[in-house]
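As a basis for the values below, the full set of heavy atoms in this structure was taken, side chains included, without hydrogen atoms, waters or symmetry mates.
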Number of protein chains: 2
Amino acid sequence: MSNAYNRPDQLSPELRRRVLETARRLGYPGPDPVARSLRTRKAGAVGLLLTENLSYAFRDPAAVGFLEGLALACEDAGQGLLLVPANPEREDVAAVHRAGVDGFVVYSVPDDDPHLAAVLERPVPTVLCDQPDLEDVDRVGIDDRAAMTELARHLIELGHRRVGVVCMRLARDRNDGYVSHERQQSARFHVQRSRLAGLAQAFTEAGVDWQDVPVVERFDHTIASGASAAAQVLERDPRITALICTSDILALGALAEADRRGLRVPQDLTVTGFDGIREAEQSGLTTVRQPVLEKGRAAGKLLLDSAERTRPRSVTLATELIRGTTAAPPRSAADERWFGP
Amino acid sequence: MSNAYNRPDQLSPELRRRVLETARRLGYPGPDPVARSLRTRKAGAVGLLLTENLSYAFRDPAAVGFLEGLALACEDAGQGLLLVPANPEREDVAAVHRAGVDGFVVYSVPDDDPHLAAVLERPVPTVLCDQPDLEDVDRVGIDDRAAMTELARHLIELGHRRVGVVCMRLARDRNDGYVSHERQQSARFHVQRSRLAGLAQAFTEAGVDWQDVPVVERFDHTIASGASAAAQVLERDPRITALICTSDILALGALAEADRRGLRVPQDLTVTGFDGIREAEQSGLTTVRQPVLEKGRAAGKLLLDSAERTRPRSVTLATELIRGTTAAPPRSAADERWFGP
DNA sequence: ATGAAAGCGCTAACAG
DNA sequence: CTGTTAGCGCTTTCAT
């Protein structure tokens, strides 16, 4: 009987037809997928863990791009994609335990996230995205630090020395405001930590004392947050010539805030982002483009090609500095050029 | 032992701690979620079926909004969200059979979709979205027909009588071109069928012979498709004063095509959409806004509140006509006003 | 408080 | 080609 459903070749088409019809007549709804999974040890689905509320994944363009790539990979393999609810506010790890999946993709969670720990305890393959290397776990990501260093050098070349930074959440606790040097270095989000480190390195090399550079953090990753953070930086130090944001979303907010203050970009203020989302491209934002879709697809492939036993594997994708229209030499530098030092 | 994991209250904390520690030391990875699901008859996840390739869900803003709402509802209930791969090109229904879920949400698939049939055969609750009423199945949607009639009347009031229509896929087969009257009426996608019917009704009432109105269909739902469809309509009948698109995405393409041809909107050509996505709002598109997020959330709630036994339940959400800047009286009508009839 | 045992529905292996 | 059976890992019930 099981054969009628799963091995059409093992019996005559006629018999198969008869069996199936009888089954239907008896009200048999077809094999129970859960029982089958238990027996075959295959769930037919990939689990996705992300740090934010589930719905956030659909609000952030970068996350959407990642999901699209991951979905593509799952689709090719005929696998489902299970979004695992992991509320960062609560510590409810149960959802991770209950997920019937053949493997996990973990997308940009803090190092100390209990959900991540729960995933790693499960005896299924896992791919980490935008995380530091972890022993025995596959990884895909970009070189956040190098990319940010390149962007910083671009600004330095333009003449910027007095800059401010707006960054995303650095740890699980909410800290909407200035970031101490210590907090920067101990940030739990690998991506943010690396980007800040890249900035610090480039500016230190250029003779700027990084301790003097104001860095403002926002817990919520929204355009409004970017705007308010930009306001906070500009309030404290109006002489800043460039506002470096660690994401395009935040940069979009900074642009809005600059506009609100009557500051022309890039003449009065340079603004930069990170990610290369479509909305940023449309604004002409100077930013770093990273291949979010490819990242998702690579993560999925890595997970589903677990045939290769050469674990752990690590994939680092290339980024590209986008010289948009929101970065230019600072006013003072331009003036110096005209009037001499 | 099972109690240690699931009933912390049934035994002393001390014992629980000891049991768990011993288990860990023995390399026990925690209860197997699939086996648990089999036993408890709960998968802890909601399945989502959509007609398109899985990754499409992340490219269409309306679908993303719906997903966000659905994810919100799942999150609240601590349920996972399983995206079921259902390639519309293939007839591979297996993924539906294999999905370990407690219920399905079906989002805008054609009436005759085999995946939909497979879902309905499964003995789990189901919520249909943007589908015609089906006996014994919960439903959530909008009144597509009435909304489109309202939009059409708005155009008629402005003076438009010679219009063209660009619509989405009407059935599972690809038909990039003109749509016969017969195909319009037998369209397998409830949403498109209703919207066309709403248009036909309004224009017929206004004395326009609907048979004369060119309707062009596109299989792919992209801005490029909208542009090429618009071109096709304008090519055949340059005297058209308004281009009615059954989605904002298509309308965005139509706007681009109008621009390419040097037609000013709305002076030379009126263009309208449907859905009310953010990109449309930014373009000032005249359209119908529907609450996509609410639709997703309502679908999730309906599914998860299966406590209420008064099935089938039906939820119809309100829509709103958005009078944007892409609709105005047609040239001829305006001329008549200036120079007299 | 603890241990033993039944059985969820299926598939794979094997016997007829 | 067909029928039978063991057991996947868990939870629940019942007995100790």
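One side chain, T316(B) or R139(B), offers a donor N or O that lies under 3.5 Å from an acceptor on the other. In this model, no donor atom of one side chain and acceptor atom of the other lie less than 3.5 Å apart for R98(B) and S37(A).
A sub-4.0 Å separation between OP1 or OP2 of dT11(D) and a side-chain N or O of R36(B) is present.
Here the side chain of P31(A) is nearest to one of dC10(D), dT11(C), dC8(C), namely dT11(C). Taking the side chain of Y28(A) as heavy atoms from C-beta on, and the options dC10(C), dT11(C), dC10(D), the nearest nucleotide is dC10(C).
Atom C1' of nucleotide dC10(D) and atom NZ of K42(B) are separated by 16 Å, given to the nearest angstrom. Whole-Å rounding puts the R39(A) CZ to dG9(D) P distance at 10 Å. Summarising the geometry, the separation between CZ on R122(B) and P on dG9(C) is reported as 14 Å, rounded to the nearest angstrom. Between the P atom of dT11(D) and the NE2 atom of H97(A) lies a distance of 12 Å, rounded to the nearest Å. The nearest whole Å value for the distance from the CZ atom in R98(B) to the P atom in dC10(C) is 15 Å. Distance CG (D32(A)) to P (dC8(D)): 18 Å, rounded to an integer number of Å.
A salt bridge does not link D144(B) to R193(B): none of the charged side-chain nitrogens sits closer than 4.0 Å to a carboxylate oxygen.
Crowding of R24(A) atom CZ: a count of heavy atoms from other residues, nucleotides or ligands under 6.0 Å not exceeding 12.
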